[in-house]
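Hydrogens, waters and symmetry mates are skipped; everything else that's a heavy atom, side chains included, is used. These figures come from a predicted structure and were not determined experimentally.
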Amino acid sequence: MKSRPVERGEVTIIGAGLVGSLLATLLAQRGFAVEVFERRPDPRVHGFLGGRSINLALAERGLNALRVAGLADAVLAQAVMMRGRMVHAIDGSTNLQRYGLDDSEVIRSVSRGGLNILLLDAAERAGSKLHFDAALTAVDFARGMITLSDHAATMRSHAAHMLLGCDGAGSALRAAMMKETGLGERVEPLGHGYRELEIPAVSPSRAPDNISIPGTGSRPTADRFAIEPHALHIWPRGHYMCIALPNAEGNFTVTLFLPNDGPHPSFATLPDAESARAFFTEQFADALALMPAFDEDWNAHPVGQLATLYLDRWHLGGRAVLLGDAAHAIVPFHGQGMNAGFEDAVELANLLDERPDDPESVFARFQQQRKPDTDAIAAMSLGNYIEMRDGVADPHYLLKRELAAALTERASAHFMSRYRMVSFTSLPYAYCLQRDREQTALMESLLRGRTRIDEVDLDAAAARVRAELPPLPPLD
């Protein structure tokens, strides 16, 4: 998309992460004069120094936003397709649970650092001015001035009459806004944290011969992966789990999720690499065998914390608005944090494009339209943690998956699983949540007293779905 001549006014974006850099591109393409201030150094010069490096799951919502910016093909070139969850049982056996119906419904694993660098380059090409090592320290909303500080504590001021906050869950702009008015902030810690490890790429001579997706006969194009590359690997163990996402370089980012405190296992009961190795030997032996630098990774990576952020109010009149994690940070278990933030960026850019001279009404409408959906994905993300760590190995959950597949085949205009709605369509999150509740209640009714799919009259079940659930909205 070609940028228009600058004619729409000036905007100042705080934060040059994923959402901030995409928003900068979208607004510059629409003719706004965009300046972006980021507290960290330029990752294109100094390397990516971000906090969380949990791989990102790019789904249809995020991909659609990248299409709007003209960046989808470039991002897909550095992504790895994932067809489903590869579930690893404690005995080492595996089972693929597909996300969608076929390879038209997949998600993609992308590196946070690589994607951020691509988006920064795009923002500059579109005409945005990027400023690094520029932390927001104060805001004078009445005068339209912000104060910034570099690593040497050198202060400078900048005129900024329209502030867009994309500076993450610990947003400095949100803190400044809260000094002016109450935003109704609530932070709900999950009580579980995460620690990152790595399965490294292997040389072609050591690559396993049996890497393939069951039922597809497919193989990766390069023998760099120690385990199946086209899947999100998950080791569910009830109240905790380990996952691994593939990288284009052939390695996997491994993340252990555990309670922070309490009886074993928790991070409190694993004080060192020796105790962690013993735990992995017991619970994740097949993963541990693929991590030669386990001890070094354990010692090098601190425990990260997980929480959900809720705000009653996202904006301060027409002077400032928050989006992405700065407004609604969520836990990562539905893989939708980035996708939701990208949806925010497109929505806000479109609204500002329509009414560039009335930011107050734009910001109010933006919150009104997006908040029900971000509240919904927060709820679904919390629920998906339970599903991932426990449900994927539960017989009743697997029975519901079978029934859902049968209903999809027999009543496709009326039935779609929550995961497919969230990941492979742009249906509003709030709709997905409500529809899933209705569909789940109907499935539970159909399965009451039954333990096998052959005990269900599938034609009669499909007829009930068509009779009791309205048709799904158009998906294009």
Side-chain angles (χ1 to χ4, degrees), residues 48-57 82 85-95 109 111-113 189-202 206 208 224-229 231-247 249-307 331-333 335 381-382 384-393:
F48 184 70
L49 303 175
R52 292 187 306 162
S53 57
I54 294 176
N55 280 44
L56 303 161
M82 298 187 293
R85 298 167 177 161
M86 188 69 79
V87 180
H88 294 248
I90 199 164
D91 64 4
S93 61
T94 60
N95 170 50
S109 174
S111 159
R112 180 183 296 271
L190 182 64
H192 289 220
Y194 66 91
R195 200 166 206 145
E196 291 188 350
L197 305 161
E198 182 187 29
I199 294 174
V202 298
R206 295 193 299 116
R224 295 167 293 165
F225 299 91
I227 51 179
E228 174 56 53
L232 185 156
H233 294 261
I234 177 170
W235 290 258
R237 298 296 184 262
H239 296 294
Y240 56 93
M241 68 176 181
C242 200
I243 66 172
L245 276 72
N247 295 299
E249 295 78 14
N251 62 319
F252 288 77
T253 301
V254 180
T255 310
L256 171 67
F257 296 95
L258 274 181
N260 291 320
D261 302 296
H264 184 75
S266 68
F267 282 116
T269 67
L270 302 176
D272 50 37
E274 181 181 2
S275 59
R277 175 176 284 277
F279 171 58
F280 266 71
T281 299
E282 177 186 322
Q283 295 294 328
F284 311 113
D286 54 336
L288 179 63
L290 302 172
M291 294 188 278
F294 177 88
D295 290 10
E296 294 89 334
D297 286 346
W298 186 271
N299 291 329
H301 299 149
V303 176
Q305 297 305 312
L306 300 166
V331 294
F333 303 113
S381 296
L382 289 165
N384 217 44
Y385 184 33
I386 298 171
E387 178 177 311
M388 291 176 71
R389 75 189 193 199
D390 196 4
V392 293

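Closest non-hydrogen pair, His233 versus His88, comes out as ND1-NE2, 2.8 Å. Here the closest heavy-atom approach between residue Thr94 and residue Met86 is recorded as CB-SD, 3.9 Å. The heavy-atom pair separating Ala201 from Glu249 by the smallest distance is CB-O, 3.7 Å. When all heavy atoms are compared, the tightest approach of Phe294 to Ala273 is CE2-O, 4.0 Å. Minimum heavy-atom separation, Gly193 to Val303: CA-CG1, 4.2 Å. When all heavy atoms of Pro246 and Phe225 are compared, the closest pair comes out as CB-CE2, 4.3 Å.
Within the 4.5 Å cutoff, the side chain of Asp297 has no heavy atoms near those of the Val254 side chain. For the pair Leu197 and Trp298, the minimum side-chain heavy-atom distance is below 4.5 Å. Contact check for Cys242 versus Phe280: side-chain heavy atoms found under the 4.5 Å cut-off. Between Tyr385 and Val331, the closest side-chain pair of non-hydrogen atoms is not below 4.5 Å. Between Leu258 and Ser266, the closest side-chain pair of non-hydrogen atoms is not below 4.5 Å. Using a 4.5 Å heavy-atom threshold, the side chains of Asn260 and Gln305 count as touching.
Counting only distance, with no hydrogens or angles, the side chain of Thr269 and the backbone of Pro265 share no donor-acceptor pair below 3.5 Å. Of the possible donor and acceptor atoms, one in the side chain of His301 sits under 3.5 Å from a partner among the backbone N and O of Glu196.
Of the options Ser109, Ser111, Pro229, a side chain to side chain contact (heavy atoms under 4.5 Å, CB included) to Leu245 is made by Ser109 and by none of the others. Here the rule is side chain to side chain contact (heavy atoms under 4.5 Å, CB included) with Phe333, and of Ile386, Leu306, Ile243 only Leu306 fits it.
Within a 6.0 Å sphere centred on CD of Glu296, other residues, nucleotides and ligands contribute more than 12 heavy atoms.
Below 30°, between 30° and 60°, or above 60°: for Phe279 and His264 the angle between ring planes is above 60°, a perpendicular geometry. Relative orientation of the Phe284 and Trp235 rings is perpendicular, given thresholds of 30° and 60° on the angle between their planes.
Rounding to the nearest 0.5 Å places CG of Asn247 at 7.5 Å from CD of Glu198.
Side-chain contact, Ser381 with Asn384: no donor N or O sits under 3.5 Å from an acceptor N or O.
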